[in-house]
Each structure stands twice: as C-alpha cells, then as structure tokens.
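Encoded as structure tokens, the structure appears first; notes follow it.
Predicted, not measured: the structure shown is a model, and the values here were computed from it. Naming: A, B, ... by sequence-line order, numbering from 1 per chain.
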Protein chains: 2
Amino acid sequence: MLNRHTTSEHAAGRRPTMRDIAREVGVSQSLVSIVFRDAPGASDETRQKVLETADRLGYVRNESARSLRSTRSTSIGVAFQTRQPFHGELLDGLYAATADLPNRLVLSAVSDFRDEAAAIRSLVSYRCGALVLLGPRLSEDEILRLSSGIPVVSVARRCSSPNVDWVVSDDFQGMSLALDHLTSLGHRRIVYLSAPISPGGRERQHAFEDAAESHRLDTEVTIRTSGMTEQDGAEAATALLGEGALPSAVIAFNDRCALGLLDVLVRHGIRVPDELSVIGFDDSEIASRTPISMTSVRQDPTSLAQFAVERALQRLAATGPANTPRGTILPTSLTVRSTTGPAPR
Amino acid sequence: MLNRHTTSEHAAGRRPTMRDIAREVGVSQSLVSIVFRDAPGASDETRQKVLETADRLGYVRNESARSLRSTRSTSIGVAFQTRQPFHGELLDGLYAATADLPNRLVLSAVSDFRDEAAAIRSLVSYRCGALVLLGPRLSEDEILRLSSGIPVVSVARRCSSPNVDWVVSDDFQGMSLALDHLTSLGHRRIVYLSAPISPGGRERQHAFEDAAESHRLDTEVTIRTSGMTEQDGAEAATALLGEGALPSAVIAFNDRCALGLLDVLVRHGIRVPDELSVIGFDDSEIASRTPISMTSVRQDPTSLAQFAVERALQRLAATGPANTPRGTILPTSLTVRSTTGPAPR
DNA sequence: CTGAAAGCGCTTACAG
DNA sequence: CTGAAAGCGCTTACAG
C-alpha cells in the first residue's frame with residue numbers, strides 16, 4: 001500500500017534510486033552520490049535539497065550496490081553466539097564504539113543450528129573488510145582458512161598466529177584478585193572448576209594455577225574438570241556434595257557455571273557463603289540478576305569491544321604491508337557481592 | 001598472506017569471482033552462476049567440477065552482487081535486542097526454522113547505542129524481502145513508515161494495522177494457567193507487576209485482569225506498575241516490603257522483573273515460597289539459571305520463531321495483491337519450579 | 001546444455 | 001561545483 005502513495009513520479013512498487021532523486025532535484029546522479037557519501041563537491045544548499053527530497057521519497061541507499069562498487073570495504077563483520085549473555089554485552093560495546101560510524105557492523109550469529117564456519121562464510125560473502133569474532137571456538141587454522149585474507153580480531157580468546165589480532169581480559173590478574181579476596185577471608189582449600197574445551201579454557205586454568213602458586217596455595221587448591229554451562233556447574237556441585245568434605249571456596253570458569261553450581265548447592269541446603277564461598281568469572285549481567293547475587297571477576301565488555309573495534313579499524317585503514325599484529329590484555333576487577341564471606345571454622 | 005598462496009592464476013589480493021572459476025574450468029560465467037544458484041541447466045559432472053574448483057580457489061559468492069542483481073529479494077531481515085536473553089532464544093529458533101534455507105537471515109541489533117529505527121533502516125538498505133521484528137517498541141505507524149512497503153512480521157507484540165503480521169503467545173491462557181496453579185495452592189491475595197510501557201505490556205495486564213475475573217479474584221488481586229528489568233522488579237519488592245503486609249503471591253510481567261523481585265526478597269530474609277510465591281513470564285533460560293529456580297509461564301521461542309518465518313516466507317512468495325494479514329496466537333505452558341508453594345496460613 | 005549481452009544501483013575517475 | 005561514462009560481480013533473458 002504505502003509505496004503507491006509516494007509523491008514521486010517513479011513507478012509504484014519500485015524503490016526510489018539516486019537517479020530518481022537527481023531527476024526530482026534537477027542535478028546529476030553523481031552529485032546525489034556525493035551528498036550521501038558526505039564527500040566534498042556539493043554546496044550546502046544542494047546537499048540539503050537532496051537530503052530533503054530523499055527523505056520525502058522514502059529513499060534508503062542500497063547497501064548492496066554501495067558495497068559492490070566500493071573499492072575498499074569499510075564494514076566490520078561480527079560473529080557472536082546467541083546463547084551467551086556476555087556476547088550481548090559485547091555487541092552493545094561494539095555499537096558504542098562505532099556510534100559515530102553508523103552501519104559499520106554486519107552481524108552473524110552462531111547458534112545450535114548454525115556453526116561458526118557458516119557464520120564466518122556469511123561475513124565473507126558480504127565482503128566485510130575486517131572480522132571481529134567473539135569467543136571463537138574454531139582452530140586458528142580454520143579461522144585463517146575461512147577468513148581467507150580478511151583481517152581477524154579475536155575477542156576473549158588469545159591467538160598464537162601472527163595473522164590474528166586478539167583482545168582478552170587478564171585472567172592471571174583476575175585470578176589473583178579472586179585469590180587475594182578469598183585468602184584475606186581465611187580460605188585455603190579452594191577448588192577451581194575448569195572448562196578445558198571451552199575457548200580460552202586452558203589459558204584460564206593456567207592463570208589460576210599460576211595465581212595459586214604465587215599465593216603459595218599450590219598444595220591446597222584443586223582443579224576439577226567442568227564446563228561453560230549451568231549444567232556443567234550443577235554436575236560439579238553434585239560431585240562435590242557426593243564426596244563429603246566440601247572445600248571452603250569454589251572459583252568457577254564463568255558465571256554460568258557458577259550459577260549451576262549455586263543452584264544445586266542451595267537446593268541441598270548448603271548456606272552460601274556461610275559454609276562455602278563461590279566466585280564467578282565475567283561479571284556478566286546474570287551475575288547480579290540472581291537472588292543470591294554473585295561475587296565475580298569482572299571482564300569489561302565496553303573496553304574489550306572498544307579495543308577490538310580500534311584494531312579492526314587499523315587493519316581496515318592499513319594500505320601497505322600488514323603492520324605487526326598484537327594482542328591486547330585488559331585488566332579485570334573484582335565485583336564483591338553476597339556469595340563470598342569468611343571461611344568456615 | 002593467505003591469498004598470495006592460492007593456486008589460481010588471479011592476481012594476489014583479489015578475491016576470485018565466477019569469471020575466474022569459469023576460466024579455470026573452461027566454461028562460461030553464466031554456467032558457474034547456474035551451479036551456485038542450484039538452477040537447472042548444468043550436468044552433474046560440470047556442477048561438481050565447478051564446486052571443486054571454487055572450493056580450491058577459496059571462492060565465496062559475493063552477496064552484494066547477488067542481491068543487487070536479483071529481481072526479488074528472498075532474505076528475511078531480523079531486528080533483535082542485545083539485552084534480551086529471550087531474543088537470543090528466538091534467534092536460535094529462527095535459525096532452526098531456516099536451516100534448509102542457509103543465509104536467508106540478515107541481522108540487525110537494537111541496543112542502547114542503536115535505536116530501532118536505525119536497525120530497521122539498515123535492514124531496508126540491505127533490501128530484505130521481509131522483516132521480522134522481535135518485540136518492537138516503535139509505534140505501528142513508525143514501523144510502517146520505516147519499512148516502506150516491505151512486509152513486516154512482529155513477534156511477541158500484537159499489531160492492529162492490517163499491514164503487519166504478528167505472532168504472540170496467548171497471555172490470557174498463560175495468566176489463567178498461573179492463576180489455576182496459585183488458586184489450587186490456596187492463594188487469593190495476588191499482586192501482578194505490570195510493565196505498561198513495554199512492548200505488549202498493556203495487553204498482558206489486560207490478560208491478567210481478564211483471567212483474574214474469570215477466576216472470581218477481582219476484588220483480591222492488585223495491579224502495580226513495574227517494568228521489564230531486574231531493577232523494576234527490585235523496586236517493586238522494596239515497595240511491597242515497605243508496606244508491611246505482603247500478598248501471598250506475585251506474578252511478574254517477565255522473568256527479569258521476577259528475578260529482581262526475588263533478589264530483594266531473599267536479601268530481606270523472606271522465604272520463598274514459604275512466605276510468598278513468585279511466578280515469572282517467558283520461562284527464558286534465566287528462569288532455570290538461578291539458585292532458586294523459578295516457576296514461570298513458558299513462551300515457546302521455537303514455535304514463535306517458526307510461525308514468524310512461515311509468515312515471512314508467505315509474504316516473500318506472494319506475487320499478486322497481499323493476502324489477508326493475520327495474527328497468530330500460540331499457547332503457553334506453565335513450568336512449575338521452586339518459587340511457588342502452598343499459600344501461608 | 002552453453003555463451004554473449006544487458007543491467008541491477010551505486011562509486012570512482014575524469015573532463016569540463 | 002557538475003555531468004557523462006565505466007564498471008563492481010553477479011542474475012536474467014535470449015539465441016544458439
């Protein structure tokens with residue numbers, strides 16, 4: 001219906017093009033393009049007239065045509081996971097970091113029904129100039145093969161290839177904060193729930209081990225294999241409960257794992273933090289969205305996103321040979337809430 | 001680096017095109033196009049040779065060129081909110097419903113730094129053939145203006161315009177289930193936390209009122225203005241606690257609101273469900289991801305998404321005048337967990 | 001089954 | 001500041 005009521009002279013059902021606007025205003029199509037690219041070469045008066053007419057005709061620039069004709073792509077492709085609340089926060093950060101560069105981001109989701117390879121291929125098919133991958137799980141070789149020459153920035157996962165930039169939080173410093181907090185409360189028997197097959201899982205476990213060593217806790221801490229989901233945390237809790245003697249504190253790979261753990265503990269009448277302290281990792285919004293709000297190592301999604309965009313834009317702008325790739329490690333902080341307290345006697 | 005090592009004869013740094021593949025295989029470019037569109041007109045042998053060569057050259061079809069040249073768009077644009085976990089579940093459902101139609105979905109996020117109008121405009125600029133809007137907040141007039149003739153399917157919000165399809169859960173039936181459950185447990189003094197300015201907020205309140213009336217609870221229920229976030233739920237809890245006499249049960253507009261409510265209640269030592277029962281709405285994953293897992297009215301994201309895709313595909317396929325638009329109302333179920341129990345004496 | 005040609009709506013380079 | 005022309009990589013219609 002609507003498009004039959006436009007005031008322009010173009011045929012019903014056809015979207016207006018730059019040519020339509022040019023005809024209406026009485027200028028060339030190139031000039032309309034100049035106005036929309038915000039390029040030099042049009043008077044303020046013309047510029048305004050073009051924009052007004054475009055608005056009146058309901059014109060929206062055809063992104064496919066722009067992208068196809070442009071010599072250099074300036075869009076940043078983002079692959080994120082639908083089931084990671086933290087990725088939602090990172091997306092927010094990416095939009096904040098590109099607020100003055102509208103429509104720079106092209107999104108591609110990873111879900112149970114769409115694997116990471118498909119997500120990356122889609123971004124390549126849109127000819128993004130750089131890729132930002134949130135918590136990628138594929139091997140670096142796979143990532144490099146799929147991105148086929150497009151610069152890649154990995155967020156929340158360290159990479160070893162010289163062809164991939166990465167931005168991560170400082171796990172060692174985060175674990176040190178967590179252990180500072182726990183030891184100051186008198187905890188010594190501490191369990192870490194590791195997620196060895198998750199992206200960044202091994203690195204975080206090593207960070208815990210290093211932090212435990214520097215806190216002279218080597219012989220008192222235990223590492224147990226768990227995972228990145230509530231289910232993994234719940235299973236770990238069941239296992240711990242089955243063994244009789246609980247540790248005095250647990251640090252989980254992430255908030256989701258910690259929540260699953262807390263769920264089972266509370267169901268079994270364990271008082272948190274009186275009998276057991278729990279620390280999560282991420283400080284995603286879910287950490288505070290729980291009846292027993294959780295102490296967590298905070299990763300700052302805004303900063304992670306900002307650095308990722310910065311790196312991607314650098315790669316987009318780079319003309320000559322690629323400049324030296326580099327990793328960025330950002331500090332974490334500890335958000336103390338109500339799942340940590342003095343160690344039981 | 002990578003693109004300098006391809007085995008093809010095309011220049012370094014340039015992505016291969018259909019023309020490159022055609023030259024390599026010794027066929028015309030049109031034939032390569034036929035193969036990639038899976039159109040009739042190529043022998044199985046040729047087809048295989050083309051696909052093999054494409055794979056070897058690292059060819060990925062240019063989506064911009066495809067979209068620009070195609071006469072009819074077949075892509076579905078999806079606008080979702082970064083901070084709604086339920087939208088992540090709906091996205092999963094959309095991918096499931098289009099699993100056999102790869103790359104049909106184009107995503108556009110709504111976040112604090114990107115309003116809904118920008119999100120829709122972006123989908124229009126990619127020339128999507130239909131739009132699926134998750135929980136849109138804009139007025140219908142605005143939606144119609146921005147979509148400028150592209151068919152729209154609204155998910156989780158009812159629309160009155162004859163030009164917009166919609167798929168929603170049956171709030172009345174959901175509220176009836178919740179009240180069935182509560183009254184069978186002996187509850188009478190029930191508070192509903194409404195989110196009047198949220199998408200679908202007024203409809204859900206009316207559904208509660210109607211369900212309360214049909215349960216003959218008119219004079220015993222109370223409606224209080226709250227909202228869609230944990231913060232809103234927390235404020236409602238504080239207000240309730242300040243008034244002395246608690247109701248025996250609370251139904252919240254959504255799970256997030258219910259979680260904020262539970263948070264404050266638990267902090268104040270209120271035992272749930274012994275002293276107060278709580279029911280959320282959505283049964284999003286967060287409902288089960290909390291130490292006190294929550295009773296909630298379940299909206300099925302898989303079905304919502306499936307019907308939305310079905311409707312969008314119908315609109316894409318429609319050639320003549322638009323067929324009659326229609327709303328779809330899907331049933332809900334009640335997931336009983338541990339925040340509901342017998343009414344206190 | 002195959003190929004040559006036109007053209008989608010833009011950006012770009014160039015001549016005024 | 002302005003306009004005519006070329007062409008990005010595909011799909012489409014058409015002639016063999």
Determine the contact category for [X]: base if any of its heavy atoms lies under 4.0 Å from a base atom, sugar-phosphate if only primed atoms, P, OP1 or OP2 are that close, otherwise nothing.
| X | answer |
| --- | --- |
| A/Thr71 | sugar-phosphate |
| B/Arg61 | sugar-phosphate |
| A/Ser70 | sugar-phosphate |

Requested in this report: Could you tell me whether the side chain of B/Arg311 and the main chain of B/Arg326 form a donor-acceptor pair under 3.5 Å?
Outcome: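 Yes: the side chain of B/Arg311 pairs with the backbone of B/Arg326.
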With a 4.0 Å cut-off on N to O distance, would you call [X] and [Y] a salt bridge?
| X | Y | result |
| --- | --- | --- |
| A/Asp20 | A/Arg14 | yes |
| B/Asp165 | B/Arg315 | yes |
| B/Arg127 | A/Glu63 | no |

Query raised in the report: From the 5' end of DNA chain C to its 3' end, which nucleotides mark the outer limits of contact with chain A, defined by a 4.0 Å heavy-atom distance cut-off (strictly under)?
Result: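 First-to-last contact on DNA chain C, by the 4.0 Å heavy-atom rule, is C/dG9 to C/dT12.
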Requested in this report: Mind listing the residues from residues 41-50 of chain A sitting with a heavy atom below 4.0 Å of DNA chain D? Number order is fine.
Outcome: A/Gly41, A/Ala42, A/Ser43, A/Thr46
Requested in this report: State, to 0.1 Å, how close A/Arg47 and A/Ile34 come at their nearest heavy-atom pair, and which atoms those are.
Outcome: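 Closest pair (atom of A/Arg47, atom of A/Ile34, distance): NH1-O, 4.1 Å.
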Report task. Provide the closest heavy-atom pair for B/Ser122 versus A/Asn103 in the form atom of the first, atom of the second, distance. Result -> CB-OD1, 4.0 Å
Requested in this report: Compute the ring centroids of B/Phe80 and A/Phe80, then answer whether they are less than 6.0 Å apart.
Outcome: yes
Report summary line: Comparing nearest nucleotides in DNA chain C, the 5'-proximal residue of the pair B/Arg69, B/Ser30 is B/Ser30
Query - Position toward the 5' end of DNA chain C (nearest nucleotide), B/Leu31 or A/Ile34 - result: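 Its nearest nucleotide being more 5', the pick is B/Leu31.
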Report summary line: Of A/Leu133, A/Thr98, A/Leu105, A/Val153, the one forming a side-chain contact (heavy atoms from CB on, under 4.5 Å) with A/Val78 is A/Leu105
Query raised in the report: Under a 3.5 Å cutoff on both atom distances, Watson-Crick or G-U, what's the dot-bracket for DNA chain C ([ ] crossing, | other strand)?
Result: |||.||||||||.|||
Query raised in the report: So which one's nearest nucleotide on DNA chain D is more toward 5', A/Pro40 or A/Gln29?
Result: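 Between the two, 5'-proximity favours A/Pro40.
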Report task. Over 60° means perpendicular and under 30° means parallel, so classify the ring planes of A/Tyr126 and B/Tyr126, tilted if in between. Result ->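 Plane angle over 60°, so perpendicular.
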**Report entry** Worked verdict on A/Glu142 versus A/Arg145 for salt bridge (Lys or Arg N to Asp or Glu O under 4.0 Å)
**Finding:** CA-CA 5 Å; A/Glu142 276 294 286; A/Arg145 190 180 65 77; 3.3 Å; yes
Requested in this report: Verify the neighbour count for atom CD of B/Gln48: are there more than 12 heavy atoms of other residues, nucleotides or ligands below 6.0 Å?
Outcome: no
